[in-house]
Amino acid sequence: MKVFVTGVKGQLGYEVVREMQNRGHECIASDLAPEMDMEKEGLAGASYIPLDITDEAAVVKILTEVEPDIVIHCAAWTAVDLAEEDKNKKTVRAVNALGTRYLAEVAKKIDASMIYISTDYVFSGNGDRPWEADCTDYHPLNYYGETKLEGEKAVLDNLDRYYIVRIAWVFGPHGKNFVRTMLDLGKKHVDLSVVDDQIGTPTYTADLAVLLADMAESDRYGIYHATNEGGYISWYDFACEIFRQSGMDVRIKPVSTSEYGLSKAARPFNSRLDRSKLVDNGFKLLPDWKDALGRYLLATGEI
Ligand SMILES: NC(=O)c1ccc[n+]([C@@H]2O[C@H](COP(=O)([O-])OP(=O)(O)OC[C@H]3O[C@@H](n4cnc5c(N)ncnc54)[C@H](OP(=O)(O)O)[C@@H]3O)[C@@H](O)[C@H]2O)c1
């Protein structure tokens with residue numbers, strides 16, 4: 001299978017290219033950077049093409065030339081607070097909504113399928129029931145979430161053979177994430193406050209890449225929710241486990257979101273994603289998040 005992956009320099013895109021390469025697929029990876037030494041980056045065998053997905057002509061030209069069987073779209077603007085400042089400039093919308101639309105439109109023309117990665121932020125975060133994959137009660141609380149939902153619509157408008165996979169609380173060795181932030185803070189401070197009223201489940205990119213590769217190799221299309229297993233937890237619970245596994249002596253105080261202070265972007269309290277549709281459609285669930293965290297800490301040399 002010929003696979004075109006966006007966002008290879010990000011947390012998820014990197015792991016997706018690695019997993020698809022390992023399975024013997026032909027991988028063409030892309031991102032904003034003008035070049036990427038795939039061998040040096042541990043992705044020998046995959047090729048790299050620079051592509052700004054907000055450049056419609058470039059998207060059309062490159063995808064038409066490459067003619068992949070599937071586009072796995074991992075690129076996005078992911079700086080949630082910064083996105084709020086960008087509303088007037090519309091850069092975030094250009095990346096998350098328009099960029100996705102351009103990719104979906106060309107995918108349709110060249111008869112490729114597509115995997116689009118979305119987020120728990122398309123929901124309001126009200127209540128405490130897990131959001132089911134087919135729930136359409138969308139109500140993004142912030143601009144990032146709004147633009148990601150527009151990306152979903154762009155996929156639905158154009159394609160029949162698509163996967164929309166909503167994930168949450170992502171961590172992977174290639175990029176910024178909560179685990180890295182906690183470890184950096186824990187090296188400088190012995191006392192930390194972490195919010196304990198936002199509830200969800202972490203998603204380890206290496207585990208998610210296995211599921212996405214399984215999806216790419218199947219035709220059980222649709223909208224799915226995917227995170228690691230191991231129950232619903234707070235950021236406080238996650239932080240406690242990070243310091244426990246890394247053997248760091250840090251005192252953590254659980255605080256509410258309002259005690260912690262306002263961030264620019266509102267965040268959902270209830271990010272519980274129901275993954276049962278994966279099982280219903282014969283996909284394997286991801287491993288427990290604590291196990292995933294251990295493998296992340298080993299992979300990044302933290303333990
Ligand atoms: N991170 C999370 O907690 C989280 C949670 C839920 C869902 N998601 C979704 O999961 C997917 C993967 O997230 P991630 O954490 O792997 O993201 P990431 O690490 O931020 O990687 C995104 C990549 O996309 C690139 N990119 C940005 N604008 C682009 C453009 N115009 N054209 C081409 N590439 C562009 C970025 O380059 P620069 O770094 O140079 O901008 C970066 O390399 C995204 O769709 C995201 O919305 C993430």
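Note that ligands are numbered from 1 as they come in the structure, with each ligand's atoms numbered from 1 the same way.
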> Can you tell me the protein heavy atom closest to atom 33 (C) of ligand 1 and the distance?
L51 O, 3.2 Å
> Would you kindly specify which portion of T6 sits under 4.0 Å from ligand 1, judged on non-hydrogen atoms: side chain, backbone, both or neither?
neither
> Can you spot which of F238, Y204, F171, Y296 makes a ring-ring contact (aromatic ring centres under 6.0 Å, His included) with F178?
F238
> Which of the atoms in ligand 1, numbered in the order shown and given with their element, are less than 4.0 Å from a heavy-atom of L12?
12 (C), 16 (O)
> Of the backbone atoms (N, CA, C, O) and the side-chain heavy atoms from C-beta on, which set of T78 has a member under 4.0 Å from an atom of ligand 1: side chain, backbone, both, or neither?
side chain
> Among all the protein's non-hydrogen atoms, which is closest to atom 22 (C) of ligand 1, and how far away is it?
A76 O, 3.7 Å
> For the residue pair R166 / H225, report whether a side-chain donor-acceptor contact shorter than 3.5 Å exists.
yes
> Could you check atom 31 (N) of ligand 1 against the protein and tell me its nearest heavy-atom contact, residue, atom and distance included?
D52 OD1, 2.9 Å
> Does any N or O atom in Q11 lie less than 3.5 angstrom from one in ligand 1, N or O only?
yes
> Quick one: look up the protein heavy atom nearest atom 35 (C) of ligand 1 and list residue, atom name and how far away it is.
L32 CG, 3.6 Å
> So for ligand 1, is Y144 a polar contact partner (N or O within less than 3.5 Å, distance only)?
yes
> Would you say G175 touches ligand 1, if touching means a heavy atom closer than 4.0 Å?
no
> Considering only heavy atoms, does H73 approach ligand 1 within less than 4.0 Å through its side chain, its backbone, both, or neither?
neither
> Using 0.5 Å steps for rounding, measure from the CG atom of L278 to the CD atom of E229.
8.5 Å
> Would V80 and Y121 satisfy side chain to side chain contact (heavy atoms under 4.5 Å, CB included), going step by step from the backbone distance to the final call?
CA-CA 10 Å; V80 176; Y121 282 18; 3.8 Å; yes
> Does A94 come within less than 4.0 angstrom of ligand 1, counting non-hydrogen atoms of the residue?
no
> Return the residue, atom name and 0.1 Å-rounded distance of the protein heavy atom closest to atom 48 (C) of ligand 1.
V170 CG2, 3.7 Å
> Does ligand 1 have a heavy atom under 4.0 Å from the side chain of V95, from its backbone, from both, or from neither?
side chain
> Are D86 and T91 close enough that a side-chain donor and a side-chain acceptor fall under 3.5 Å?
yes
> Applying side chain to side chain contact (heavy atoms under 4.5 Å, CB included) to I199 and R272, what does each step give before you reach the verdict?
CA-CA 6 Å; I199 309 296; R272 296 170 181 87; 3.7 Å; yes
> Do any N/O atoms on D120 end up under 3.5 angstrom from N/O atoms on ligand 1?
no
> Between E56 and R101 (salt bridge meaning N to carboxylate O under 4.0 Å), is one present in this structure?
no
> Quick one: pull up CZ in F123 and CG in L273 and give me the separation to the nearest 0.5 Å.
7.0 Å
> How far is atom 12 (C) of ligand 1 from the closest protein heavy atom, and which atom is that?
C74 O, 3.4 Å
> Of all the non-hydrogen atoms in the protein, which one sits nearest to atom 10 (O) of ligand 1, and at what distance?
I117 CG2, 3.2 Å
> Is there at least one pair of N or O atoms, one from K148 and one from ligand 1, spaced under 3.5 Å apart?
yes
> What atoms of ligand 1 come within less than 4.0 Å of a heavy atom belonging to S118?
7 (C)
> Once rounded to the nearest 0.5 Å, what's the spacing between atom OH of Y48 and atom CG of L43?
11.5 Å
> Which residue holds the protein heavy atom closest to atom 6 (C) of ligand 1, what is that atom called, and what is the gap in Å?
I167 O, 3.3 Å
> Determine, stepwise, if the pair N281 / Y224 fulfils side chain to side chain contact (heavy atoms under 4.5 Å, CB included).
CA-CA 10 Å; N281 287 283; Y224 290 90; 3.4 Å; yes
